[in-house]
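Please read the structure below before turning to the comments.
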There are 2 protein chains.
Amino acid sequence: MFSQAMQDYLKAIYKLQEQGGTVSTSALAEAMGVAAASATGMVKKLAGLKLVRHHPYQGVVLSKAGEKMALEVIRHHRLLELYLAEALGYSWDKVHEEAERLEHVISEEFEEKIFQALGRPTHDPHGDPIPAKDATLVVAEHDRLSDLEPGATGVIRQVSDSDAEMLRYLGIRGLVPDAAVEVLDKAPFNGPLTVKSGETSHVLGREVASHIRVEARATDDA
Amino acid sequence: MFSQAMQDYLKAIYKLQEQGGTVSTSALAEAMGVAAASATGMVKKLAGLKLVRHHPYQGVVLSKAGEKMALEVIRHHRLLELYLAEALGYSWDKVHEEAERLEHVISEEFEEKIFQALGRPTHDPHGDPIPAKDATLVVAEHDRLSDLEPGATGVIRQVSDSDAEMLRYLGIRGLVPDAAVEVLDKAPFNGPLTVKSGETSHVLGREVASHIRVEARATDDA
DNA sequence: AGATTTGTTTAGGCTGTCCTAAAATATCCG
DNA sequence: CGGATATTTTAGGACAGCCTAAACAAATCT
């Protein structure tokens, strides 16, 4: 009905929209790993199907229908990630890749079966919220760990799933959703953060720390 | 690497070969639900890749490599069928369709994970043997239920998974692998069989009964 | 403002898989 | 044997999704 390629484009547009407002063709092409011309072509097709609105040279916006489709794919993806981790014992750095392929082929029944088996979960292993069946999504905005100041404490809520290598690195160190953390030090000039979690402390570059979202506890120095 | 279409063709060739010796292009096209010309085209491509041998107007035969590929896909399929039934509670008439799509996208890791989770099984829910990792397959030839004579007893070993409707019908009646059966009566002129399983007896048409494979117990009237 | 750089779209092609229609080959039967 | 019938292959085309190269539009710099 809707091709795999179309689903992938819609998902990519959704994610870009989430971050940076308007979505340019080149950003979309970049995200999809295709040439800019290919993205233009697909955007025109999606616009023809009323899944996106396209104003040439201005960017792409998902329509209501397009957003719904994107969220359905994302729901599949995140449920699968969680299922692979929980039920099959996948390590959290490997779930993304497998889910990426499975998300396009599972039936609604499969979706429902794993949803129930997992106890109607709300978040995937990286802390990303799972869209509901009716394609609604509760987004909680948390601070980047890299934005916290020394002395701040909080709980990790999300870790970006974009880089498997990084996930492996953080997983080994216990820096996963629900872990409590405290910022001990923050070196100047975009230097690394020293973060304590449990008994041990870790030194994290700004780049990595910006991929970790934390729910900060109210600081007492107010 | 090898496209989904190619995998499906190889699988179809394997199954046709299993049944009827040489595989004609038209039989292949029929099985794949495509025009004969399309099958010819794909066969030529597969022959170019040394996955099949093709003698025009004579039929197609899988090469060693082609058979291996086919068995790998079938292994995926049957493991998935069993996993869907056992782990996710799918009814056995629905597993085929879902497995059909999943078989092409799961990784070797996924395969291994479900293989272990299922306790290294040897047969799928329909009683079909699951090819081993090294692409070897133990085939046990059992009698068609329709070939047994009144008085014969045995155990159901396989039920053809080709028709979901039929599987539902038989499942309700407990005519599943490992069920003990006894042929009470066999009407002449290709008439129905009366079969007892457990406490109840069922009347089955020849067509249906031919889709059930039974391991016959030695009869005592010898 | 004019020129350069950057971003976007159009034009034309390639590959994979399918199709129909027509030609070629094999089989069957009087 | 030879013509009718059935099967198989060839020829030519469609469509999806990708590509590169070239044309076009917008933004930026001096």
Side-chain angles (χ1 to χ4, degrees), chain A residues 1-17 19-62 66 69-70 73 100-101 103-105, chain B residues 1-14 16-17 19-62 65-66 69-70 73 100-101 103-105:
Chain A
M1 186 188 43
F2 291 114
S3 73
Q4 187 160 320
M6 287 164 62
Q7 291 180 18
D8 279 331
Y9 273 94
L10 290 172
K11 195 173 61 155
I13 294 168
Y14 182 92
K15 293 198 168 175
L16 289 170
Q17 226 169 250
Q19 300 162 11
T22 74
V23 178
S24 68
T25 318
S26 51
L28 182 55
E30 156 92 44
M32 290 296 298
V34 300
S38 306
T40 298
M42 181 56 86
V43 162
K44 286 178 81 172
K45 175 187 286 192
L46 293 174
L49 292 166
K50 306 282 186 197
L51 294 170
V52 304
R53 276 183 298 280
H54 182 217
H55 298 290
Y57 293 96
Q58 304 268 107
V60 205
V61 190
L62 287 177
M69 280 243 26
V73 178
E100 199 68 21
R101 281 172 286 114
E103 66 188 12
H104 302 295
V105 304
Chain B
M1 187 186 44
F2 291 114
S3 73
Q4 187 160 321
M6 286 164 61
Q7 291 179 18
D8 280 331
Y9 274 94
L10 290 171
K11 196 173 59 156
I13 295 168
Y14 183 92
L16 289 171
Q17 225 171 249
Q19 300 164 10
T22 73
V23 177
S24 68
T25 316
S26 51
L28 182 54
E30 157 93 43
M32 291 294 298
V34 300
S38 306
T40 298
M42 180 56 87
V43 162
K44 286 179 82 172
K45 175 187 286 194
L46 293 174
L49 292 166
K50 306 282 186 197
L51 294 171
V52 303
R53 276 184 299 280
H54 182 215
H55 298 289
Y57 295 96
Q58 305 266 109
V60 206
V61 189
L62 287 178
M69 281 243 26
V73 177
E100 199 68 21
R101 281 172 285 115
E103 66 188 12
H104 302 294
V105 303

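The chains referred to below are lettered A, B, ... by the order of the sequence lines, with proteins before strands, and numbering in each begins at 1.
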Legend entry - Phosphate-side-chain proximity, A:Tyr9 and D:dA16, N/O vs OP1/OP2 below 4.0 Å: no
Legend entry - Any B:Asp8 side-chain heavy atom under 4.5 Å of B:Glu103 side chain: yes
Inset, instruction - Determine the contact category for B:Ala37: base if any of its heavy atoms lies under 4.0 Å from a base atom, sugar-phosphate if only primed atoms, P, OP1 or OP2 are that close, otherwise nothing. - result: base
Inset, instruction - Indicate whether OP1 or OP2 belonging to C:dT17 is found under 4.0 Å from a side-chain N or O atom of B:Lys45. - result: yes
Legend entry - Sequence-aligned protein contact record of nucleotides 22-27 of chain D, with B where the base is within under 4.0 Å of a protein heavy atom and S where only the sugar-phosphate is: --BS--
Inset, instruction - Check every strand shown and say whether A:Ser38 touches a base, only sugar-phosphate, or nothing at a heavy-atom separation below 4.0 Å. - result: base
Legend entry - Closest listed nucleotide, where the reference is the side chain of B:Lys44 and the choices are D:dT20, D:dT10, C:dT10: D:dT10
Legend entry - Under 4.0 angstrom between A:Thr25 side-chain N/O and C:dT9 OP1 or OP2: yes
Legend entry - Flag, side chain of B:Gln17 to backbone of B:Leu62, donor-acceptor distance under 3.5 Å: yes
Inset, instruction - Evaluate the side chain to side chain contact (heavy atoms under 4.5 Å, CB included) criterion for residues B:His104 and A:Val105: first the C-alpha distance (whole Å), next the side-chain angles of each, then the deciding distance (0.1 Å), finally the verdict. - result: CA-CA 10 Å; B:His104 302 294; A:Val105 304; over 6 Å; no
Legend entry - Short side-chain N/O contact from A:Thr40 to OP1 or OP2 of C:dT8, under 4.0 Å: no
Inset, instruction - Check every strand shown and say whether A:His54 touches a base, only sugar-phosphate, or nothing at a heavy-atom separation below 4.0 Å. - result: sugar-phosphate
Inset, instruction - Side chain of A:Val34 only, please: which of D:dT20, C:dT8, D:dC18 is the nearest? - result: D:dC18
Inset, instruction - Specify the separation, in whole Å, of atom CG of B:Leu46 and atom P of C:dT17. - result: 9 Å
Inset, instruction - Remember a base hit wins even if backbone is also touched, and classify B:Ala5 as base, sugar-phosphate or nothing at under 4.0 Å, heavy atoms. - result: sugar-phosphate
Inset, instruction - For B:Ser26, report the nucleic acid contact type (base, sugar-phosphate, nothing); a contact means any heavy atom under 4.0 Å. - result: sugar-phosphate
Inset, instruction - Would you mind reporting whether A:Val73 and A:Leu10 have side-chain heavy atoms less than 4.5 Å apart? - result: no
Inset, instruction - With DNA chain D as reference, determine whether B:Ala36 or A:Ala36 sits nearer its 5' end, using the nearest nucleotide of each. - result: B:Ala36
